[in-house]
Amino acid sequence: MRCLQESAVGKYYITTAIDYPNGPPHIGHSLEKVAADVAARYHRLRGDDTFFSMGLDENSQHVLAAAEANGTPAREWVDLIDEAFRSAWRKLDITYDRWIRTTEPAHFHASQELFRRAQANGDIYKGTYAGYYCPRCNTFYTTGELTPQGTCPDHPTVTPDWIEEGNYFFALSKYTDRLTQYFEKHPDFIVPATWRGEVVNVLRQGLRDFSVSRPVRSGKLVDGKPWGVPVPGDPDHVLYVWFDALTNYLTAVGFPEEPERFERYWPADAHVIGKDITRFHCLYWPAMLMSAGIELPKSVAVHGFMTLEGDRISKTTGNIIDPGELADEFGADAVRYYLMRDISFERDGDFARANLIQRYNSDLANDLGNLLNRTVSMIGRYFQGVLPEPVAPVAPVLPAAPSSAASSSDATGLDAGLQRVARAAGEATAAGIERWDFDSALDGAWQLVRRANQYIDECEPWKLARDPEQRARLGAVLYNAAESLRLLTIYVAPFIPSAAAKMRAQLGLPKIEHGAWATQTTWGGLQAGTRLEKAQPVFPRIETAK
RNA sequence: GCCAGGGUAGCUCAGUGGUAGAGCGAGGGACUCAUAAGCCCUUGGUCGCGAGUUCGAGUCUCGCCCCUGGCACCA
């Protein structure tokens with residue numbers, strides 16, 4: 001199948017959007033980071049030279065406004081929020097390789113270099129940007145955005161003035177045709193396909209140039225210096241958000257100062273973003289790169305938004321959850337599993353605690369956790385914790401009683417069926433991840449969880465254990481159950497990494513290796529004689545009041 | 001208003017024109033290795049509404065109703 005061959009060992013560079021440090025992270029930020037982390041972990045398991053970049057978009061006047069509102073000096077503020085974000089992602093087991101902050105000198109160099117290249121290509125020109133300017137927000141508004149009384153939407157006492165100011169513009173309009181052609185040639189550039197239509201639609205209406213700078217005097221100064229990346233050759237201007245922010249994807253892999261690293265990872269294989277910034281990533285960004293003569297990213301993966309308990313996530317109403325606290329409460333695996341299994345990546349979804357608990361208990365504790373527990377427990381009880389031989393199954397010697405299903409089924413068929421499901425489950429999981437369809441990926445893995453639980457019930461090892469003549473068969477059954485679990489630890493590792501590690505420890509397996517998905521997913525990897533640990537619940541049930 | 005995507009069992013959703021599915025939930029059963037978990041069975045839907053095409057439509061066409069998202073420099 002496509003997934004298994006195309007993703008043969010290579011490199012994989014994945015990014016998430018960089019967030020504004022205008023407040024601490026909330027649960028809405030976490031879907032994207034977890035999804036990207038799952039993809040990154042998956043590619044590492046496939047053996048790819050993987051690089052995963054995340055970070056913060058600090059060069060914004062919004063950030064200064066937030067700092068001021070909190071009465072904190074700007075630098076202190078961004079450091080504080082920076083720590084809050086990294087702490088949250090640490091608690092969610094997000095394994096980024098590079099944490100980028102756009103206030104880094106390296107990023108200044110990268111965005112200035114990109115600007116120069118676009119300029120050299122004749123795509124930067126000076127124009128006039130006009131709008132209603134609210135000094136409290138440091139933001140321009142259009143007529144439609146103001147209140148009917150003409151006041152600022154956020155500051156009812158302020159009546160913004162019409163201001164025109166000199167600005168540098170990027171000639172996006174020049175790229176309408178090239179972008180159109182590009183999307184035609186690369187139908188998979190935007191995934192899922194839903195979002196492709198919207199972008200192409202905008203393209204059809206033609207593109208407008210956009211401003212890429214702001215005069216320094218219209219922004220606040222920090223430590224006597226303008227906040228942002230100075231425009232090369234014109235210190236009176238700083239780069240304006242998108243031109244600066246998007247460039248972080250280049251900075252993260254060493255553009256332009258580490259050419260060998262840049263060559264190694266660029267172009268990005270996937271930019272994972274929220275639906276609100278689709279246009280910038282699918283139109284502005286490719287055009288900027290075309291202008292600078294840099295290869296375009298392979299794909300942009302767009303996810304939907306989340307509501308929280310049915311309501312919009314909103315700082316003003318306080319309807320937020322700190323992802324770090326959530327991880328503290330339920331564990332990173334529970335949160336990650338719930339996000340990936342219950343919240344659609346493509347469409348909008350709702351985050352609800354009750355559903356998280358439901359999912360956890362039903363899928364993780366009851367299905368997967370119990371499968372491990374009963375298997376390890378029986379190997380402990382019947383084989384003193386030493387993994388038995390996977391001897392060729394012998395047809396059960398139960399001559400007379402075709403009454404129960406198990407005794408009338410033949411062992412060879414059961415064993416072969418389990419192996420077949422194990423293989424199919426791995427393929428389904430991989431295919432789902434590669435399509436950004438995590439729900440179906442997990443559903444694929446759970447096909448094996450269910451089958452293995454059924455297999456155990458059908459083989460009834462506790463009955464085999466009472467008959468010394470069935471000793472070999474008993475061993476084979478438990479081996480097969482354990483081997484299913486070994487495969488599952490690889491399949492689920494991208495989603496629930498620490499649980500996968502705990503499961504492997506109980507199974508007496510070493511830590512999961514880079515490339516394991518490519519090299520260790522063939523049936524029969526478990527070695528007889530392996531010493532298992534004592535069975536211990538990996539997913540203790542969450543008891544609810546009712 | 002325009003564009004896109006949805007409206008299928010209590011919930012979340014899957015369904016290449018040919019007798020409506022899964023998981024969860026609910027009810028029951030047989031077991032006992034296991035986290036009172038697992039396994040088996042059952043329950044449960046006028047597939048948004050109305051026409052049309054077709055031997056036959058959840059599945060195609062048209063109209064209508066409702067929901068969500070997008071309509072450009074705004075997480």
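Note that these values count all heavy atoms, side chains included, but never hydrogens, waters or copies made by symmetry. Everything numeric here is computed off the predicted structure, so don't read it as measured data.
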Integer-rounded Å distance: C11(B) P and F351(A) CZ: 21 Å

For atom CG of L172(A) and atom P of A72(B), their distance in whole Å: 14 Å

Listed nucleotide nearest any side-chain atom of F305(A), set A75(B), C33(B), C73(B): A75(B)

Stepwise ring pair (Phe, Tyr, Trp, His ring centres under 6.0 Å) check, Y284(A) with W242(A): CA-CA 8 Å; Y284(A) 289 27; W242(A) 287 108; 7.2 Å; no

Who pairs with G23(B) - Watson-Crick or G-U, where each distance is under 3.5 Å: C11(B)

Counterpart residues, side chain to side chain contact (heavy atoms under 4.5 Å, CB included), relative to V199(A) (two or more places apart): F183(A), I190(A), T278(A), C282(A), L283(A)

Gap between atoms OH and P, on Y338(A) and C24(B) respectively (whole Å): 17 Å

Nearest-angstrom distance, C1' atom, U43(B) to G25(B): 11 Å

Rounded C1' spacing from G15(B) to A9(B) in Å: 14 Å

Opposite nucleotide pairing with A37(B), Watson-Crick or G-U, both atom distances under 3.5 Å: none

Greater than 12 external heavy atoms within 6.0 Å of Q536(A)'s CD: no

Atom-to-atom span, CD1 of I124(A) to P of C73(B) - whole angstrom: 18 Å

L364(A) versus A334(A), closest heavy-atom pair with distance: CD1-CA, 4.3 Å

Rounded distance in Å between the C1' positions of G48(B) and U59(B): 16 Å

Any residue of residues 281-291 of chain A with a heavy atom less than 4.0 Å from an atom of RNA chain B: Y284(A)

Polar side-chain atom of Y360(A) near backbone of P540(A) as donor-acceptor pair, under 3.5 Å: yes

U42(B) versus G23(B) - spacing of their P atoms, nearest Å: 12 Å

Contacts of type side chain to side chain contact (heavy atoms under 4.5 Å, CB included), residue E346(A), not counting sequence neighbours: P192(A), T194(A), S344(A)

Base-pairing assignment for U46(B) (Watson-Crick or G-U wobble, both under 3.5 Å): none

Ring-face cation of R86(A) near Y96(A) (centre distance under 6.0 Å, axis angle within 45°): no

N/O (side chain, R196(A)) to phosphate O (OP1/OP2, G5(B)) under 4.0 Å: no

I456(A) side chain, from C-beta outward: closest of C33(B), A75(B), A72(B): C33(B)

W446(A) ring center within less than 6.0 Å of Y337(A) ring center: yes

Rounded C1' spacing from A34(B) to G7(B) in Å: 42 Å

Side chain to side chain contact (heavy atoms under 4.5 Å, CB included) partners of V238(A), counting only residues at least two apart: R214(A), V216(A), P226(A)

Nearest-Å distance for atom pair CD/C1', residues E346(A) and C13(B): 13 Å

Whole angstrom value for the distance that separates C1' of G69(B) from CZ of R279(A): 11 Å

Nearest-angstrom distance from the residue atom OH of Y455(A) to P of C33(B): 18 Å

Distance in angstrom units between D276(A) CG and C73(B) C1', rounded: 13 Å

Sugar-phosphate, base or nothing in reach of R341(A), heavy atoms under 4.0 Å: nothing

Reading 5' to 3' through nucleotides 34-43 of chain B, protein heavy-atom contacts under 4.0 Å coded B for base, S for sugar-phosphate only, - for none: BB-BBSS---

Nearest to side-chain heavy atoms of L207(A), which nucleotide of A72(B), G23(B), C73(B): A72(B)

Partner residues of D437(A) under the side chain to side chain contact (heavy atoms under 4.5 Å, CB included) criterion, sequence neighbours left out: R435(A), D439(A), S440(A)

Separation of L207(A) CG from L179(A) CG (nearest 0.5 Å): 6.5 Å

Separation between the C1' atoms of G17(B) and U12(B), rounded to whole Å: 27 Å

Pairwise P distance for C41(B) and C24(B), with rounding to whole Å: 13 Å

Pairwise 5' ranking along RNA chain B for D439(A) and R208(A), keeping only the more 5' one: D439(A)

Residue whose nearest RNA chain B nucleotide is more 5′ - Q358(A) or F280(A): Q358(A)

C1'-based separation of C3(B) from A72(B) [nearest Å]: 14 Å

Complement of C71(B), any strand, by Watson-Crick or G-U distances under 3.5 angstrom: G1(B)

